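Reviewing the structure listed below.
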Amino acid sequence: MGLWVLLALALSAQLLQSQAYNVVSSSNTTGSYSENGLVMNYYGDSCPQAEEIIAEQVRLLYKRHKNTAFSWLRNIFHDCAVESCDASLLLDSTRNSISEKETDRSFGLRNFRYLDTIKEAVERECPGVVSCADILVLSARDGVVSLGGPYIRLKTGRRDGRKSRADVVERYLPDHNESISTVLSRFKAMGIDTRGVVALLGAHSVGRTHCVKLVHRLYPEVDPTLDPGHVEHMKHKCPDAIPNPKAVQYVRNDRGTPMKLDNNYYVNLMDNKGLLIVDQQLYADSRTRPYVKKMAKSQDYFFKYFSRALTILSENNPLTGTRGEIRRQCSLRNKLHTKSKR
């Protein structure tokens, strides 16, 4: 092969490489796209400080209000598990649609105003660039770190949905009283296997559960699968068979390390101290029991599969490219946000 032919081939290869680079860099990314359109460090060019700003806001809010970290973690479940990880959870009700926040499945969700605080901080640096969907996901990631959990590298590039999905919430989000088969089936549809479900439910290691969700295990008859000593504690916290949903009556999910995301949750399950029926079913069912035992034995094992499952959840059917929008205010579609400014 002649010298000129070799040079021509080399130049052609260099040109193709340059063109491929330009396709990626022109899309405000610093990595390669996955099949769902998400990428690591999506805002590397358009808003380089975005992830740092979100992490700093999460840390500041956690110092002032410890329960915000629990909220960030619940948000990613309640948003991403319902058809798409598109921040539809954050939309307020309008005359034509009900907010997902007002559905029965969302009972106990709170601290949405602090997500607005994070969004405002990001908007000051990069107006109209970073989506509420990415803020929701990254705040959950950073909330996990605040609670002593692992740092999970998550992709970004999500866009915000324009509609509430309140009408389908119950179709996608399993209830705490549903069978373990139903729970496994719902998560399997998102690509999360049995081990991943066991790991994800380890999020119940932190936070608290309102008595409304527990009293059916205490009254009129005590659930015989509950540890007797734990029953006494639960009844002390939930003395009424019909508690007031607006009252501050709750039980900490983990009495031992209530503010720490750890594998003590699985130890509690093995001691029959799971608060919710879905928790206790994890140890009772032969499909999930082996993973409960492994996670109770090894926190590293729990963190490994928790990280993997949360990643899959965070990438559930995102809106990317030109789909959706970048909301200026997380609780309102941009059209409504513009009207409210008039």
Side-chain angles (χ1 to χ4, degrees), residues 27 29 33-40 42-43 50 54 71-94 96-106 109 112 115-116 118-119 122 128-141 143 152 154-175 182-193 196-197 200 203 308-337:
S27 301
T29 67
Y33 281 103
S34 59
E35 290 182 4
N36 56 27
L38 301 179
V39 67
M40 288 292 180
Y42 178 82
Y43 301 105
I54 294 167
S71 298
W72 308 151
L73 197 47
R74 283 197 70 187
N75 285 346
I76 195 171
F77 283 92
H78 284 256
D79 185 64
C80 294
V82 182
E83 283 194 319
S84 173
C85 208
D86 67 348
S88 61
L89 172 69
L90 306 181
L91 289 170
D92 286 342
S93 292
T94 66
N96 301 318
S97 68
I98 298 174
S99 171
E100 292 173 41
K101 293 180 283 189
E102 296 181 24
T103 63
D104 289 341
R105 288 286 198 275
S106 297
L109 290 181
F112 293 110
L115 264 179
D116 292 335
I118 300 174
K119 173 66 169 174
V122 175
V129 174
V130 182
S131 69
C132 297
D134 277 339
I135 290 173
L136 182 150
V137 165
L138 294 177
S139 63
R141 187 265 303 279
I152 307 168
L154 296 178
K155 295 175 181 178
T156 43
R158 298 165 192 80
R159 289 170 65 85
D160 301 321
R162 294 190 174 99
K163 65 176 184 178
S164 165
R165 301 180 190 275
D167 58 330
V168 297
V169 164
E170 293 192 7
R171 190 189 309 166
Y172 290 92
L173 272 181
D175 186 63
T182 298
V183 173
L184 292 175
S185 175
R186 298 278 177 89
F187 282 101
K188 183 179 180 180
M190 289 180 270
I192 300 173
D193 61 15
V197 173
L200 275 181
R308 184 175 296 180
L310 197 72
T311 300
I312 295 171
L313 179 66
S314 76
E315 296 181 8
N316 183 37
N317 192 29
L319 303 181
T320 57
T322 57
R323 300 165 65 203
E325 64 183 11
I326 305 298
R327 289 184 215 143
R328 293 284 184 167
Q329 185 177 335
C330 289
S331 59
L332 296 173
R333 290 184 292 116
N334 284 343
K335 184 178 179 181
L336 295 177
H337 174 74

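Please read these numbers as outputs of a predicted model, since none were measured by experiment. Hydrogens, waters and symmetry mates play no part in the numbers below; they use all other heavy atoms, side chains included.
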Residue pair Asn334 / Arg327, side-chain heavy-atom distance below 4.5 Å: yes
Asp92 side-chain N/O to Leu332 backbone N/O, donor-acceptor pair under 3.5 Å: no
Within-4.5 Å side-chain heavy-atom neighbours: Leu115 and Ile135: yes
Validation row: Asp160, Leu319 side chains within 4.5 angstrom (heavy atoms): no
Heavy-atom pair of closest approach, residues Ser314 and Cys80: CA-SG, 4.2 Å
Donor-acceptor contact below 3.5 Å, side chain Arg333 vs main chain Gly161: no
Check: residues 183-190 side-chain donor-acceptor pairs under 3.5 Å, at least two apart:
| unit_1 | atom_1 | unit_2 | atom_2 | d |
| --- | --- | --- | --- | --- |
| Arg186 | NE | Arg171 | O | 3.3 |
| Arg186 | NH1 | Glu170 | O | 3.3 |
| Arg186 | NH1 | Leu173 | O | 3.4 |

Distance in Å, Leu154 CG paired with Leu38 CG, rounded so as to fall on 0.5 Å steps: 10.0 Å
Backbone N/O of Ile98 and side chain of Ser164: donor-acceptor pair under 3.5 Å: yes
Over all atoms of both residues, closest heavy-atom pair of Tyr43 and Asp134: OH-OD2, 2.6 Å
Leu138 side chain reached by Ile118 side chain, heavy atoms, under 4.5 Å: no
Minimal non-hydrogen separation, Thr320 against Gly157, with atom names: CG2-O, 3.6 Å
Donor-acceptor pair, side chain of Asn316 and main chain of Cys85, under 3.5 angstrom: no
Value rounded to 0.5 Å, distance of OG in Ser97 from CG in Leu91: 7.5 Å
Pairing of Asp86 and Arg165 as salt bridge, 4.0 angstrom limit: yes
NE2-CG distance between His78 and Leu136, expressed to the nearest 0.5 angstrom: 11.0 Å
Shortest non-hydrogen contact between Pro318 and Arg158, atoms and distance: CB-CG, 3.9 Å
Any donor-acceptor pair under 3.5 Å from Asp116 side chain to Gln329 backbone: no
Partners passing salt bridge (charged side-chain N to carboxylate O under 4.0 Å, His left out) against Asp175 (at least two apart in sequence or in another chain): Arg105
Heavy-atom check, side chain of Ser139 versus side chain of Asn75, under 4.5 Å: no
Leu200 CG to Leu313 CG distance, which is reported to the nearest 0.5 Å: 6.0 Å
Positive for side chain to side chain contact (heavy atoms under 4.5 Å, CB included) with Ser99, one of Ser88, Ser93, Ser331: Ser93
Under the side chain to side chain donor-acceptor pair (under 3.5 Å) test, residues paired with Arg162 that sit two or more places apart: Glu325
Candidate pair Thr156 and Val137, rule side-chain contact (heavy atoms from CB on, under 4.5 Å), full reasoning: CA-CA 9 Å; Thr156 43; Val137 165; over 6 Å; no
Phe112 backbone acceptor or donor facing Lys101 side chain under 3.5 Å: no
From CD1 (Ile312) to CG (Asp193), nearest 0.5 Å: 7.0 Å
Gap between atom OG of Ser131 and atom CD1 of Ile326 - 0.5 Å precision: 5.0 Å
